Amino acid sequence: MESAIIVRYCEIHLKGKNRGFFERLLKTNIEKGLKGIKHTFNPMHSRYLIEDFDEADYPLICERLHKIPGIHTFSRALVVSNDIKIITDAALSICEGKSGTFKVITNRADKTFSPNSVETSALIGGKILGKYGDNLKVAVKNPDFTVDIDIREDGKTFIYNQTERGISGMPVGSAGRGLLLISGGIDSPVAGYMTIKRGMKIDCIHFHSFPYTGEAAKEKVVTLTKKLGEYNCGVNLYVVPFTEIQEEIHKKCPEEYMITLMRRFMMRIAEKLAISLGDQAIITGESLGQVASQTIESITSSNSVVKMPVLRPVIAFDKLDIIDIANKIDTYETSILPYEDCCTVFLPKFPLIKPDLEKVIRNERQLDVDALIERAFSKIEKYEF
Ligand code: ATP
Ligand code: MG
């Protein structure tokens, strides 16, 4: 018997004129996601159909579909002709080995097909009970599984009993572009994932303090970025040498201003890069009150040097909730690898918790901000994944 995968998207976003745009984008993203895997792919009445794939590739296709924002659910289906005898056999075959309660749901787009949908459900339900009645019972409310029979106008019927949840959200590219400040930590990859899931295509920027932070620390960020790239239809990472800026701050400013001033440099360089890339927002993994640099006073200080919107998707999340998502997207284990981050280099004993913006600006005057930014910017390295 032939098999297919039915892919569904959330109808809720599909109002009016946006519909075509949304559907075309999701189609393109799925095609990119399944690149290199043999299959055919076709739209089908508010859904997509993946067919002609090799059985052995099914797990890989599932894995890819689970990483495409905009996919609400998908189902593996048997495909047969619109013939009640053949449909019944297929329904019986997918119930083999199952136990618990079930319900048959028939949807008959082909109105010439006889019997009608209610009769088809009753007939096939009866056959299933006849064959597997020892293990299966009908439950109209809350069955353990459903047997879905979708009789279509083009002469094909789809039969399936398993529907997997996708990650939902919006197709990547439907909500503009943003630049994620990615550290090697737990929070920023999660912030990136959440933004991607809402349809924003991201680029990544990382500040690296060689030789204080080594190759392993950079590799860790590369691994995290690649993982995000799987949701983002590929991703570019921009690595900024940050050592000179840190050394200058260390030399010329009071120790407790280190993190506060560093943040302002990061934001300025991020905005400059974002503008040059056509990105419309900066994204960070800041979470309110988590550490000294994430009080509202610290955020005010770093925010005040940029004009671009700064998105902070995990601002109100508890650490444990962030970790749940990090586990789900498989970044957690990488994030907790114990390599130095540029923020742990020159870490003051007592960082400012509530920096006073006027004093911050006064201290920053000791530095040639523009020249430092120019030099770091000219040495940015780009990696494409
Ligand atoms: P994370 O878990 O993402 O590292 P964090 O809780 O450790 O976050 P901070 O170290 O205060 O918090 O960093 C706050 C945010 O600043 C990070 O989420 C990230 O967006 C950005 N950031 C910090 N360090 C870097 C870096 N080396 N390169 C790029 N962005 C950074
Ligand atoms: Mg960190």
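Every number for a ligand or one of its atoms is a count from 1 in the order of the listing. Please read all numbers here as calculations on a predicted model, not as lab measurements.
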May I have the list of side-chain donor-acceptor pairs in residues 309-323 shorter than 3.5 Å, sequence neighbours left out?
from   : atom 1 : to     : atom 2 : distance (Å)
Arg312 : NE     : Glu286 : OE1    : 2.7
Arg312 : NH1    : Asn303 : OD1    : 3.2
Arg312 : NH2    : Asn303 : OD1    : 2.8
Lys319 : NZ     : Asp187 : OD1    : 2.9
Lys319 : NZ     : Asp187 : OD2    : 3.1
Lys319 : NZ     : Gln290 : OE1    : 3.3

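The backbone N or O of Val140 sits less than 3.5 Å from a side-chain atom of Lys103, completing a donor-acceptor pair.
By the rule that hydrophobic residues join a cluster once side-chain heavy atoms approach within less than 4.5 Å of another member, Leu26 and Tyr231 end up as members of separate clusters.
Remark: the Lys137 side chain and the Tyr132 side chain contain no N/O donor-acceptor pair separated by less than 3.5 Å.
Ring pair Tyr212/Phe346: centre-to-centre distance below 6.0 Å. Between Phe265 and Phe242, the distance separating the two ring centers is not shorter than 6.0 angstrom.
Protein residues having at least one heavy atom under 4.0 Å from any atom of ligand 1 are Leu181, Ile182, Ser183, Gly185, Ile186, Asp187, Ser188, Ile205, His206, Phe207, Arg263, Met266, Thr284, Gly285, Glu286, Gln290, Val291, Ser293, Gln294, Asp341, Cys342, Cys343, listed by chain and number.
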